[in-house]
Amino acid sequence: GGLIMTIRFILKNGKEIDMKCKEFNATYDNFTGSGMINSYEAKGITENKIIGIDFSEIVAVYRLMTDEITDSKKNEDVE
């Protein structure tokens, strides 16, 4: 049960880390106005649980939608 989503962290050195989880909430740095992520909470992690990360090294964080599209198509086939 529950949809698994993929959250991709892109680092300054070009490396990517994909974390799979059921729930993801991020907080952003509104104090400096940079708008960059400065913390997150993830629940139901199934792949690549990040224990610690240097948020200043993150260039972008985004949610991949490809998994969710294939999941919803699978569900439609069942009905």
Side-chain angles (χ1 to χ4, degrees):
L3 196 62
I4 301 284
M5 61 177 90
T6 303
I7 306 296
R8 177 167 287 170
F9 294 83
I10 299 182
L11 308 177
K12 285 180 183 171
N13 63 9
K15 290 202 173 9
E16 296 176 356
I17 305 167
D18 285 353
M19 180 173 65
K20 292 187 185 271
C21 57
K22 289 188 177 175
E23 226 178 280
F24 184 85
N25 292 300
T27 58
Y28 301 93
D29 186 359
N30 295 322
F31 182 70
T32 62
S34 70
M36 272 309 287
I37 183 171
N38 62 3
S39 72
Y40 71 86
E41 184 185 11
K43 292 178 183 167
I45 299 170
T46 59
E47 218 175 284
N48 294 337
K49 183 172 187 172
I50 298 166
I51 306 299
I53 193 161
D54 180 355
F55 288 101
S56 69
E57 287 298 307
I58 298 173
V59 186
V61 180
Y62 62 92
R63 182 173 168 180
L64 297 180
M65 303 303 280
T66 47
D67 294 354
E68 294 166 41
I69 293 163
T70 45
D71 282 350
S72 64
K73 278 185 181 158
K74 282 179 203 160
N75 293 340
E76 284 168 18
D77 293 342
V78 171
E79 288 171 10

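In what follows, every heavy atom counts, from backbone to side chain, and hydrogens, waters and symmetry copies are set aside. Quick caveat: nothing in here was measured; it's all calculated off a predicted structure.
The distance from the SG atom of Cys21 to the CG atom of Leu3 is 10.5 Å, given to the nearest 0.5 Å. Atom-to-atom distance recorded for Leu11:CG and Asp54:CG is 9.0 Å, nearest 0.5 angstrom. In this structure, the separation between CE on Met5 and CE on Met65 is 9.0 Å, given to the nearest 0.5 Å. To the nearest 0.5 Å, atom CE of residue Met19 and atom CD1 of residue Ile4 are 11.5 Å apart.
Taking both residues in full, the closest heavy atoms of Val61 and Phe9 are given as CG2-CD2, 3.7 Å, listed atom of the first, atom of the second, then distance.
Using a 4.5 Å heavy-atom cutoff, the side chains of Arg63 and Phe24 are not in contact.
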Side-chain atoms of residues 40-49: list all donor-acceptor pairs with protein atoms under 3.5 Å, sequence neighbours left out, distances to 0.1 Å.
unit_1 : atom_1 : unit_2 : atom_2 : d
Tyr40  : OH     : Ile50  : O      : 3.3
Asn48  : ND2    : Asp18  : O      : 2.6

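Note on Leu64: it clusters hydrophobically with Ile10, by side-chain heavy-atom contacts below 4.5 Å among ILVMFWY residues. The hydrophobic cluster containing Phe55 does not contain Val59, counting ILVMFWY residues as joined when their side-chain heavy atoms lie under 4.5 angstrom apart, directly or transitively.
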